[in-house]
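Note on naming: letters A, B, ... go to the chains in the order of the sequence lines (proteins, then strands), and numbering restarts at 1 for each one.
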Amino acid sequence: MTDVTDLLADSAPVPALAPPPAMDYLVSLNAEQREAVETIDGPLLVLAGAGTGKTRVLTTRFAHILLSGRAFPGQVLAVTFTNKAAREMRERVGHLLGRPAEGLWLGTFHALCARMLRRHAEYVGLTSSFSILDTDDQIRLLKQVMEARRIDAKRWPPQGLMGVIQRWKDRGLTPAAITAAEDSEFGGGAARGAYADYQARLVQLNATDFGDLMLHMTEILRTRPDVLAQYHRAFRYILVDEYQDTNTVQYLWLRLLAKREGGGANICCVGDDDQSIYSWRGAEVENILRFEKDFPGARIVRLERNYRSTAPILAAASGLIAHNGGRLGKTLRPGRADTTGERVVVASVWDSDEEARMVGGRMESLHRDNHPLSEMAVLVRAGFQTRAFEERLITLGLPYRVIGGLRFYERAEIRDAIAYMRVVSQPADDLAFERIINLPRRGVGDATLQALHHEARAAQVPLTVAVQRLLDSGALKGRVREQLNALMGCFMRARDALGRDGHVSAVGTLLDETGYTGMWQSSKSPEAPGRLDNLKELVRALADFESLGGFLEHVSLVMENEESANADRVNLMTIHGAKGLEFDTVFLPGWEEGIFPSQRTLDEGGNKGLEEERRLAYVAITRARLRAIISHAANRRIYANWQSAIPSRFIEELPDAHIEITGSASLAREQRMSAPPVFGGQFPLTAKRPRVMEATVIAAWEQPPRPKRETAIAVGARVFHQKFGPGTVRATDEDRLEIEFDHAGTKRLMDSYVEQVG
DNA sequence: GGATCGCTGATTTTT
DNA sequence: TCAGCGATCC
């Protein structure tokens with residue numbers, strides 16, 4: 001069990017007593033953590049502040065339940081929000097057990113629901129092989145529904161209606177449960193009907209969307225006492241991570257599973273109301289605030305000792321979050337030995353360019369002092385803000401990665417390939433079939449597609465069957481006939497091959513025979529080789545799964561980026577994306593009114609919105625172990641023109657004693673008070689005591705204006721760009737190049753983006 | 001089927 | 001400003 005001790009040693013206080021050997025894992029916990037682990041019976045809420053060892057408590061509790069013989073692995077239901085969290089929990093529980101953790105009901109809400117729903121699919125009109133649609137498919141399906149209902153897609157964007165439907169699903173509302181009063185918010189009363197149609201179409205397609213996984217399962221548990229009893233018998237203990245992020249339907253699902261006749265709900269929820277930042281996705285902080293009422297006799301354990309951050313960082317974060325009302329109330333206390341530390345820096349800069357230079361400069365200097373780049377992160381409010389930093393880092397030659405970009409499974413070629421597989425595994429999947437029916441080109445135009453739809457509707461059959469019927473009846477002619485005939489043959493052979501040769505070979509052959517791989521092989525696009533690599537990788541990944549069905553389940557539910565190794569790179573991401581992560585040094589740019597807090601949130605969400613933004617700020621600061629550098633620019637370019645910006649109110653809310661103000665911008669009091677907000681919003685700005693920022697400190701990172709540099713690349717030179725491929729330089733302007741790309745048109749780029757070739 | 005034009009809108013996105 | 005779309009034309 002030596003590796004267990006290693007595993008727990010990361011931030012544990014030294015044990016006071018020698019433990020009985022079997023209970024090693026308890027001794028490295030502090031008193032509150034231990035209480036949270038050992039309070040086994042009855043409902044328990046663990047309020048775990050940032051960096052207080054939440055995951056540790058959850059995994060140790062899980063292991064403790066098993067090791068103390070209270071339950072077998074299959075009798076514990078453990079729920080997380082992310083696949084990453086689920087994986088981490090599985091690994092750590094395995095370590096504590098000293099063997100791989102198998103047969104666990106451990107996973108994300110959606111993965112667990114999918115697993116259950118495959119067993120009971122018939123209760124909602126599906127078969128166990130139902131498809132799980134991605135966002136793309138959802139929108140396409142909804143567009144079809146709207147068209148049929150003659151809802152003007154221009155006036156009522158499908159995305160908007162999708163949002164309405166999803167919020168309904170988040171709240172556990174089936175179409176039948178939507179009242180007329182509830183309906184009026186979209187499309188003048190058309191939403192309810194569209195929702196009903198959309199659900200009906202999903203059943204026809206033998207498909208669900210993400211929301212359905214929760215909604216259907218909750219519906220089944222609510223209406224089928226026999227099914228519910230089955231799970232009551234199965235699960236003795238329920239563990240829930242990130243409880244503050246649960247939405248209503250997730251809450252209902254949990255409550256159904258946890259509450260049984262004779263009481264004794266062994267549910268343990270871990271969360272932090274101060275880190276609730278997903279209300280816009282349907283999360284209800286009220287769930288955690290209401291816990292004691294929902295589960296009478298519940299115990300509450302607070303974890304407040306923070307082992308992650310220095311004292312000034314904790315003080316700054318605590319001071320900020322104290323401005324929120326209606327909290328359950330926790331105070332982070334430093335648990336680290338090194339309780340002194342650098343104060344949180346608030347840097348005032350002139351404009352966004354200077355901000356990027358400041359951040360880049362500090363990164364370079366830290367890097368020179370042997371701080372790994374991977375321990376530095378820039379956390380922004382919105383995705384587009386990373387661009388300025390990317391450009392600066394490219395200029396400086398510092399490697400970086402943007403977390404949360406396009407994911408592997410979201411790439412077009414991967415989705416296409418998956419669509420082929422879906423048709424094989426589930427012939428009723430019209431959306432998948434429509435996606436690839438003319439990819440590569442098979443001469444299927446609008447007219448053919450219309451005819452197919454017509455036939456499908458008339459005969460009440462899926463599109464693939466409609467194709468076969470039109471082939472048989474001779475309604476399809478010429479090239480289209482030939483091509484579709486061949487395509488149907490490919491699908492049939494693939495289904496045969498599945499059992500005979502295995503899914504890896506079957507899919508490989510399918511992609512080749514249908515001409516999909518060939519389409520990219522003959523493509524002259526500079527992106528084609530990369531896409532072919534991705535396809536190869538996809539087929540290779542198939543081998544990790546026992547069946548095609550298992551693989552498809554994985555790609556639907558585990559949409560994530562396999563990050564390229566652990567190279568030493570600076571991290572750029574949104575604050576939302578940083579939740580649960582930590583770094584030595586954290587840069588927090590753009591703390592300006594209108595940007596952070598976001599004007600739109602204030603306009604739409606009022607004080608609740610503001611409080612959520614403040615929680616976001618709290619999450620941002622508490623990501624830092626050693627250093628946090630907050631910055632705001634006095635001038636920022638919004639779309640076309642420059643506008644002056646005033647510092648975020650969150651800066652004023654940081655406790656003076658723990659911050660250090662620095663920067664080149666002399667933000668006079670007058671300017672601060674009179675400057676208009678960046679975005680013209682209606683939410684009143686706070687008229688609090690402004691923090692005077694007349695710091696005259698010229699920091700070391702302030703540089704003279706960058707000398708204009710002439711590019712070394714001449715007009716006429718051949719160059720290569722990562723994304724645009726080969727091209728010829730047509731003109732130069734200092735370090736800018738105008739390049740005519742062979743396949744991507746003419747672009748203006750900085751010379752550092754391209755490589756000279758030939 | 002592909003190129004071109006013009007309009008629009010522009011946070012966050014665990015699954 | 002600029003990307004991403006839908007409509008329109010060849």
OP1, OP2 of B:dT13 versus side-chain N and O of A:T574: anything below 4.0 Å?
-> yes
Knowing that exactly one of A:E593, A:E592, A:E354 qualifies, which makes a salt bridge (Lys or Arg N to Asp or Glu O under 4.0 Å) with A:R636?
-> A:E592
Touch class at under 4.0 angstrom, heavy-atom based, for A:N438 against every strand present | sugar-phosphate
Donor-acceptor pair between A:E612 and A:S279 side chains, under 3.5 angstrom = yes
Rounded to whole angstroms, how far apart are CD1 on A:I277 and P on B:dT14?
-> 11 Å
In whole angstrom, what separates A:D209's CG from B:dT15's P?
-> 16 Å
Just one of A:Q166, A:Q199, A:K169 clears the side-chain hydrogen bond (donor to acceptor under 3.5 Å, both in side chains) bar with A:D209, so which one?
-> A:K169
Show your reasoning for whether side chain to side chain donor-acceptor pair (under 3.5 Å) applies to A:Q144 and A:E434.
-> CA-CA 12 Å; A:Q144 293 172 8; A:E434 262 182 275; 3.2 Å; yes
Could you run down nucleotides 2-10 of chain C 5' to 3' and tag each one B, S or - for protein heavy-atom contact under 4.0 Å?
-> ----S----
Considering only the C1' atoms, how many Å lie between C:dA3 and B:dT14, rounded to the nearest integer?
-> 27 Å
Reckon A:Y278 touches a base, only the sugar-phosphate, or nothing at all at heavy-atom distances under 4.0 Å?
-> base
Expressed in angstrom and rounded to an integer, what is the separation of A:Q275 atom CD from B:dT14 atom C1'?
-> 13 Å
Is any N or O donor-acceptor pair between the side chain of A:R281 and the base of B:dT14 shorter than 3.5 Å?
-> no
Could you state the CE-P distance from A:M573 to B:dT13, rounded to the nearest angstrom?
-> 11 Å
Report yes if a side-chain nitrogen or oxygen of A:N83 is closer than 4.0 Å to either non-bridging phosphate oxygen (OP1 or OP2) of B:dT15; otherwise report no.
-> yes
Could you check whether the rings of A:W520 and A:Y516 sit parallel, tilted or perpendicular, using 30° and 60° as the cut-offs?
-> perpendicular
Could you run down nucleotides 2-11 of chain B 5' to 3' and tag each one B, S or - for protein heavy-atom contact under 4.0 Å?
-> S-------BB
Hey, which sits more toward the 5' end of DNA chain B by its nearest nucleotide, A:V444 or A:E242?
-> A:V444
Is the gap between the ring centers of A:Y251 and A:W253 under 6.0 Å?
-> no
How close or far is atom P of B:dT15 from atom CD of A:Q138, stated in whole angstroms?
-> 15 Å
Any idea how A:F545 and A:H554 line up, ring-wise: parallel (<30°), tilted (30 to 60°), or perpendicular (>60°)?
-> tilted
Round to a whole Å and report the spacing from NZ of A:K54 to C1' of B:dT14.
-> 11 Å
Non-hydrogen side-chain atoms of A:I165 and A:L142 separated by less than 4.5 Å = yes
Within a strict 4.5 Å, meaning less than it, do heavy atoms of the A:I630 and A:I651 side chains meet?
-> yes
Using the P atom in both, what is the distance from C:dG4 to B:dT11, to the nearest Å?
-> 14 Å
When you compare B:dT12 with C:dC5, how far apart are their P atoms, in angstrom units rounded to a whole number?
-> 15 Å
